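All remarks here apply to the structure that follows.
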Amino acid sequence: MRTLVEKAAKDLVTSKYAIALTGAGISTESGIPDFRGPQGIWTRNPEAERKAYQSYQKFINDPKRYWEERLSEDRDHGWWGELERTQPNSGHYALAKLEKTGILKRILTQNVDGLHLKAGSRKIIEYHGSIFKLRCTSCVSRFKRETIDLRQLKREDKLPPRCPKCGGIIKGDGVSFGEPIPRDVYQQSINEVELCDVMLICGTSAVVTPFANLPRISRRREATIIIEVNLEPTPLTNSISDYLIQGKTGELLPKIVETIETIRQEQEQLL
Ligand code: NAD
Ligand code: ZN
């Protein structure tokens with residue numbers, strides 16, 4: 001394990017354009033359950049997975065009713081309410097530090113929890129959106145959730161919310177199952193994976209497409225180094241990744257960053 005941490009640190013230090021791909025696994029140590037890990041929401045309750053797949057269809061069929069139903073849910077006590085109060089863990093902080101060193105150029109996250117931003121990372125692509133934002137389904141403009149008073153619109157029977165810029169229908173920015181990835185983040189992500197020479201994949205089961213295709217795009221270039229940090233092997237492990245460092249992101253990512261700091265100090269002393 002120690003040697004793999006050192007290997008990852010060396011690969012990152014010598015990289016020109018390193019990026020990280022993250023999934024729900026990086027946030028489990030903040031107390032947010034993932035979907036498919038050993039304690040995942042869907043591992044324990046397969047019915048919840050079926051329901052999740054119906055949500056986008058509901059929005060498409062009747063956006064007014066979709067919003068009315070969402071606003072009548074007691075969100076403060078639900079999963080999402082808790083999400084807003086959650087804090088980053090040492091894995092998120094390690095990636096933020098890696099960005100500050102100049103090594104990590106971008107994080108592409110599947111998470112909607114905003115924890116990378118809270119941890120101090122700035123170069124983030126939220127591939128599946130954010131629970132803190134709303135998005136126009138026509139022009140893809142995004143708005144902070146608090147800038148549109150949804151409850152007021154409900155009281156005035158003016159749902160669904162409309163985009164102040166183009167009049168398009170607004171939905172939550174979080175990408176629902178079955179919903180296409182917004183075209184801007186889709187294209188930006190492809191640009192990033194085509195550019196990177198090191199990809200650090202953290203805490204994702206790598207089964208949700210099209211996100212799970214991103215490492216495959218990078219793999220077309222043989223020289224790209226693909227490193228996985230995950231509790232368990234994934235479909236990428238034997239075919240796409242160069243190596244897997246098995247364990248918790250909250251423990252392994254700080255170790256990798258500490259090792260990088262040591263390498264850099266040694267390099268400075270040699271100069
Ligand atoms: P997933 O639930 O399918 O898989 C999580 C993976 O992380 C599993 O392989 C698990 O073994 C691993 N893992 C769990 N804890 C870990 C830890 N401490 N360290 C390292 N690995 C760990 O998650 P996914 O691949 O991101 O796909 C789920 C989808 O659901 C995503 O699209 C995401 O948008 C959404 N989701 C988001 C959140 C969030 O925002 N925090 C939470 C749940 C689901
Ligand atoms: Zn719009």
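Only a predicted model underlies this, so the values are computations on that prediction, with no experimental measurement involved. Counting starts at 1 for both ligands and their atoms, in listed order.
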Nearest-option assignment for atom 1 (P) of ligand 1, heavy atoms, candidates Gly129, Ala212, Ser205: Ser205
Val112 to ligand 1: N or O pair under 3.5 Å? yes
Out of all atoms in ligand 1, which are within 4.0 Å of some heavy atom of Gly23? Include the element for each. 26 (O)
Which bit of Thr28 gets closer than 4.0 Å to ligand 1, counting heavy atoms only: side chain, backbone, both or neither? side chain
Verify, without hydrogens or angle tests, whether Ser189 (side chain) and Val185 (backbone) share a donor-acceptor contact under 3.5 angstrom. yes
For the pair Lys64 and Asp157, find out whether any cationic side-chain nitrogen is under 4.0 Å from an anionic carboxylate oxygen. yes
Arg145 side-chain N/O to Leu134 backbone N/O, donor-acceptor pair under 3.5 Å: no
Which ligand 1 atoms are under 4.0 Å away from a heavy-atom of Gly203? 5 (C), 6 (C), 7 (O), 21 (N)
Counting each atom of ligand 1 from 1 as listed, which ones have a heavy atom of Ser27 under 4.0 Å away? 41 (N)
Evaluate the side-chain proximity of Glu99 to Leu95: yes if any heavy-atom separation is below 4.5 Å, no if none is. no
Give a rough value, rounded to 10 degrees, for the angle at the Zn ion (ligand 2) between atoms SG of Cys136 and SG of Cys163. 110°
Quick one: sort the Phe211 and His128 rings into parallel, tilted or perpendicular, breaks at 30° and 60°. tilted
If you measure from each non-hydrogen atom of Gln110 to ligand 1, which part falls under 4.0 Å: side chain, backbone, both or neither? both
Parallel, tilted or perpendicular: rings of Phe177 and Phe35 (30°, 60°): tilted
Is there a side-chain contact between Ile201 and Asn230 (heavy atoms, below 4.5 Å)? no
For Ser30 and ligand 1, answer yes if some heavy atom of the residue is under 4.0 Å from a ligand atom, otherwise no. no
Hey, is Lys255 close enough to Glu251 for a salt bridge, meaning N to O under 4.0 Å? no
At a non-hydrogen distance cut-off of under 4.0 Å, which region of Pro33 contacts ligand 1 (side chain, backbone, both, or neither)? backbone
Val208 and ligand 1 - part of the residue with a heavy-atom distance under 4.0 Å: side chain
Could you walk me through whether Ile245 and Glu228 pass the side chain to side chain contact (heavy atoms under 4.5 Å, CB included) test, one step at a time? CA-CA 6 Å; Ile245 316 180; Glu228 267 189 278; over 6 Å; no
Residue Ala24 vicinity, atoms of ligand 1 by number, heavy atom under 4.0 Å: 23 (O), 24 (P), 26 (O), 38 (C), 42 (C), 43 (C), 44 (C)
Between Ile32 and ligand 1, find which residue part has any heavy-atom pair under 4.0 Å and reply side chain, backbone, both or neither. side chain
For Glu146 and Phe132: C-alpha separation, side-chain torsions, deciding distance, then whether side chain to side chain contact (heavy atoms under 4.5 Å, CB included) applies. CA-CA 8 Å; Glu146 59 274 17; Phe132 298 102; 5.9 Å; no
Among Glu29, His128, Glu232, which residue places a heavy atom closest to atom 11 (O) of ligand 1? Glu232
May I ask you to decide whether Asp184 forms a salt bridge with Arg142, counting only side-chain N to carboxylate O separations under 4.0 Å? yes
Is it true that Thr234 lies under 4.0 Å from ligand 1, counting heavy atoms only? no
Have a look at Val207, Asn230, Leu253, Thr86 and point out the one with the heavy atom closest to atom 9 (O) of ligand 1. Asn230
With a 4.0 Å cut-off on heavy atoms, is Gly247 touching ligand 1? yes
